[in-house]
Amino acid sequence: MRILNISSHIDGYGIIVNNCIDYNIAGASSFYNKKFLKLYCVLWGLYSNYGIIPSDNNITNDVLNTLGLKLIFSENITEKNIIEQIRVHIDNNNPILLSVNHAALFYSIMYKEVNNDEINHNIVIFGYDDEKELIYIKENSINNEVLDSLCKNKVFSSYKITYDMLIHFYTKTKQMIKTFNYNNFCLYYIQKVNNIDMIYLRKKIISQFLEVLINNQDYLLNEINQLLYVGKYNSYYCTEQFRRTYYYSLIPLFDFLNETLSLKNNSEFNELRKEFFVNREKIINTLAKNSYSNKKIESVNFDDFRKKIKSISNKLYCNIKESFDNISDFITEEINYLEDEKTIISADSEDNFFVLNSIRKESSVNNNFSFWKSSNDMIEHWVLIDFAEYKLVNKILIEHHCSSVYITKQFSIYGLTQYGWVNLENIKDNIKNITCFYYEIPKKLKKIKISIEKPNYSFDYAARIKLIKIS
């Protein structure tokens, strides 16, 4: 049994920001860094809308390359060797994707529908269990009324399917595919090639966006120019993918700018963002409507659209450039102090198997078994974190056990300042899997103590914590 740790990304987006192929690739890539899902979406939107990479390049490969990753196909896949290939790649800590047709998936709303003979979906595979003959998959396209009501976006939910089910998906899709050799392109995995300087990457994305803004390298502008040159509407304008590419895919980019450049309270940027998307939607709606009705091109003033795109781009350039120049030297990545070798952690007790060191960083494999568990001899417990020097603390995050009965019910947090111990937080009747505390004015602390008064909801006396992040 081996399970890779891939987040459910409750705060993610969904296939609407690119497509059901690329969004799942983004999810699989987040195994290497949780932030890669959003960064993948940011880069996909940027590369799909602006002239940054050569037009004949594969956007997926270029995005992965920017993140230091590579997509590799397993060749000569058959019904007999597909499970073994999955074992090999999971054992090598590589997340896998299986290309399928929706009509082959018993849980899809398009199951057994006669559609096209193409690959129109992929499944993220993140683990296996030989004893039970199970494959662990992530899906975000399965309808789930409860999840949809709780989360604004489609999350990557975990499911287990049998070996026979997965082979069925493969076999049925193979029967539908006529255009290429499915055996050589159905199963692929994502491999890490090199480490990425995240601060450099953030600055690079902003610099690239600024460059294409000032040079008017907007592909929607190119679409209009091409329409006027050819003299007829493209049927592509009516498709959902056209709208996803030229509208929704840019939402992650603007969210990224908002977060990286701290633009939340920048009223000018917020107005420009609104104007940018309103104008884009108006153009897309016009192209789709006129394409459907085959309206005469001369009856629409496309010059106004072109001028508006250029005008908004210039204003965005000036606003973002000013913010970037002011904050460029201060763009940083969040650092978890617990990952520092100087930081010493101790506790009242620990289980022989579920050790205290587990809380320092997220485990990449079999994450459900990676947490600290105290002894079961007494009800009160504590965890002490000693930085060995004073640190400015902006955030304290505690991830409790994923099972609701094991969630830490009552605890307090104390900090050692230059003047002695102070109480920071008192939490009672906690029901949250993750508790996070932010401090607008950073706390200067040398030690932090978590005092656990009620370790769970009366299941036993043992405390269980999966992760602590302090930054």
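Quick note: numbers below take in every heavy atom, side chains included, and nothing from hydrogens, waters or symmetry partners. Note that the structure is predicted; figures quoted are calculated from it, not measured.
A distance below 6.0 Å separates the ring centres of F277 and Y247. With ring centers used as reference points, Y246 lies under 6.0 Å from F242. In this structure, F254 has its ring center closer than 6.0 angstrom to the ring center of F276. Proximity of the aromatic rings of F209 and Y50 is defined here by a centroid distance below 6.0 angstrom, and this criterion is met.
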From CA spacing to verdict: side-chain hydrogen bond (donor to acceptor under 3.5 Å, both in side chains), Y414, N426:
CA-CA 9 Å; Y414 301 89; N426 292 302; 4.7 Å; no
For T245 and Q241, run side-chain hydrogen bond (donor to acceptor under 3.5 Å, both in side chains): C-alpha distance rounded to whole Å, both residues' side-chain angles, the deciding distance at 0.1 Å, then the answer.
CA-CA 6 Å; T245 300; Q241 190 56 55; 3.1 Å; yes
Salt bridge (Lys or Arg N to Asp or Glu O under 4.0 Å) assessment of K274 paired with E271:
CA-CA 5 Å; K274 181 179 178 181; E271 284 299 316; 5.5 Å; no
Show the numbers, then the answer: is there a side chain to side chain contact (heavy atoms under 4.5 Å, CB included) between N19 and R244?
CA-CA 8 Å; N19 54 70; R244 287 181 181 182; 4.3 Å; yes
Mind running side chain to side chain contact (heavy atoms under 4.5 Å, CB included) on M165 and F106 for me, showing each step along the way?
CA-CA 9 Å; M165 287 176 183; F106 64 83; 3.9 Å; yes
Just do the side chain to side chain contact (heavy atoms under 4.5 Å, CB included) check on I25 and Y188 with the steps written out, would you?
CA-CA 10 Å; I25 293 174; Y188 52 98; 4.0 Å; yes
May I have the step-by-step check of salt bridge (Lys or Arg N to Asp or Glu O under 4.0 Å) for R87 and D130, ending in yes or no?
CA-CA 9 Å; R87 287 194 200 98; D130 271 337; 2.7 Å; yes
CA sep, side-chain torsions, deciding dist, call: I407, N456, side chain to side chain contact (heavy atoms under 4.5 Å, CB included)
CA-CA 5 Å; I407 287 177; N456 55 59; over 6 Å; no
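Under the 3.5 Å distance criterion, with hydrogens and angles disregarded, a donor-acceptor pair is assigned to the side chains of K138 and S158. Between the side chains of S99 and N122, no donor N or O sits under 3.5 Å from an acceptor N or O. Residues N430 and T408 have side chains that never bring a donor and an acceptor to within less than 3.5 angstrom of each other. In this structure, a donor-acceptor pair under 3.5 Å is absent between the side chains of Y163 and D129. In the model, H381 has no side-chain atom that pairs as donor or acceptor with a side-chain atom of E350 under 3.5 Å. Of the N and O atoms on the side chains of D22 and T60, at least one donor lies less than 3.5 Å from an acceptor on the other residue. A donor-acceptor contact under 3.5 angstrom links the side chains of R2 and N93, judged on distance only. With hydrogens and angles left out, the side-chain atoms of R273 and N270 include no donor and acceptor closer than 3.5 Å. Under 3.5 Å, the side chains of K373 and N376 contain no donor-acceptor pair of N or O atoms. Remark: the Y170 side chain and the N183 side chain contain an N/O donor-acceptor pair separated by less than 3.5 Å. Using a 3.5 Å distance cut-off with no hydrogens or angles, the side chains of Y32 and N94 do pair a donor with an acceptor. Between the side chains of E139 and Y107, a donor-acceptor pair is found at a separation under 3.5 Å.
Panel note: side chain N57, backbone I59; no donor-acceptor pair is recorded below 3.5 Å. With hydrogens and angles disregarded, no donor-acceptor distance shorter than 3.5 Å links the side chain of S374 to the backbone of S349. With hydrogens and angles disregarded, a donor-acceptor distance shorter than 3.5 Å links the side chain of T417 to the backbone of Y419. Judged by distance alone, with hydrogens and angles left aside, the side-chain atoms of S323 form a donor-acceptor pair with the main-chain N or O of N319 at under 3.5 Å. Checking side-chain atoms of T173 against main-chain N and O of N101 turns up a donor-acceptor pair under 3.5 Å.
Contact detail for N33 and M198: the closest heavy-atom pair is ND2-CE, 3.9 Å. The shortest non-hydrogen separation linking I335 to S471 is O-CB, 3.0 Å. The minimum heavy-atom distance linking S7 with K34 is given by the pair OG-CE, 3.3 Å. Contact record, I327 with T260: CD1-O, 4.2 Å, taken as the closest heavy-atom pair. Minimum interatomic distance between Y438 and K395 (heavy atoms only, all atoms of both residues): CE2-CD, 3.2 Å. The two residues Y40 and S29 have their closest heavy-atom pair at CD1-OG, 4.4 Å.
The aromatic rings of H400 and F411 lie tilted to each other, with the angle between the two planes from 30° to 60°. Y406 and H401 have perpendicular rings, their planes meeting at more than 60° on a 0 to 90° scale where under 30° would count as parallel.
The existence of a salt bridge linking K38 and D255 is excluded, since no basic side-chain nitrogen approaches an acidic carboxylate oxygen closer than 4.0 Å.
The closest side-chain heavy-atom distance from I135 to I86 is below 4.5 Å. The shortest side-chain heavy-atom distance between L257 and F269 falls under the 4.5 Å cut-off. In this structure the side chain of Y136 never reaches within 4.5 angstrom of the side chain of I125, judged on heavy atoms. The closest side-chain heavy-atom distance from L97 to I21 is not below 4.5 Å. Residues T162 and L134 form a side-chain contact, since some pair of their non-hydrogen atoms from C-beta on lies under 4.5 Å apart. Inter-residue side-chain proximity for F156 and Y23 is flagged as met; some heavy-atom pair is nearer than 4.5 Å. Side-chain atoms of I434 and E399, non-hydrogen and from C-beta on, do get closer than 4.5 Å to each other. Proximity of I190 to P95: side-chain heavy atoms (C-beta onward) are separated by under 4.5 Å at one or more points.
Rounding to the nearest 0.5 Å places CG of L338 at 6.5 Å from CZ of F387. Note that CG of N266 is 9.0 Å distant from CG of N258, once rounded to the nearest 0.5 Å. Considering NZ of K447 and OG of S346, their distance stands at 8.5 Å, rounded to 0.5 Å.
The residue from E453, K449, K428 that alone fulfils the side-chain hydrogen bond (donor to acceptor under 3.5 Å, both in side chains) condition with S412 is E453.
No more than 12 heavy-atom neighbours from other residues, nucleotides or ligands sit within 6.0 angstrom of CD on E322. Shown here is Y457, whose OH atom has more than 12 heavy atoms of other residues, nucleotides or ligands within 6.0 Å.
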Show me, pair by pair, the donor-acceptor contacts under 3.5 angstrom made by side chains of residues 63-78, not counting sequence neighbours?
from : atom 1 : to  : atom 2 : distance (Å)
T66  : OG1    : Y47 : OH     : 3.0
T66  : OG1    : D62 : O      : 2.8
S74  : OG     : H89 : NE2    : 2.7
T78  : OG1    : K80 : N      : 3.3
T78  : OG1    : N81 : N      : 3.3
T78  : OG1    : N81 : OD1    : 3.4

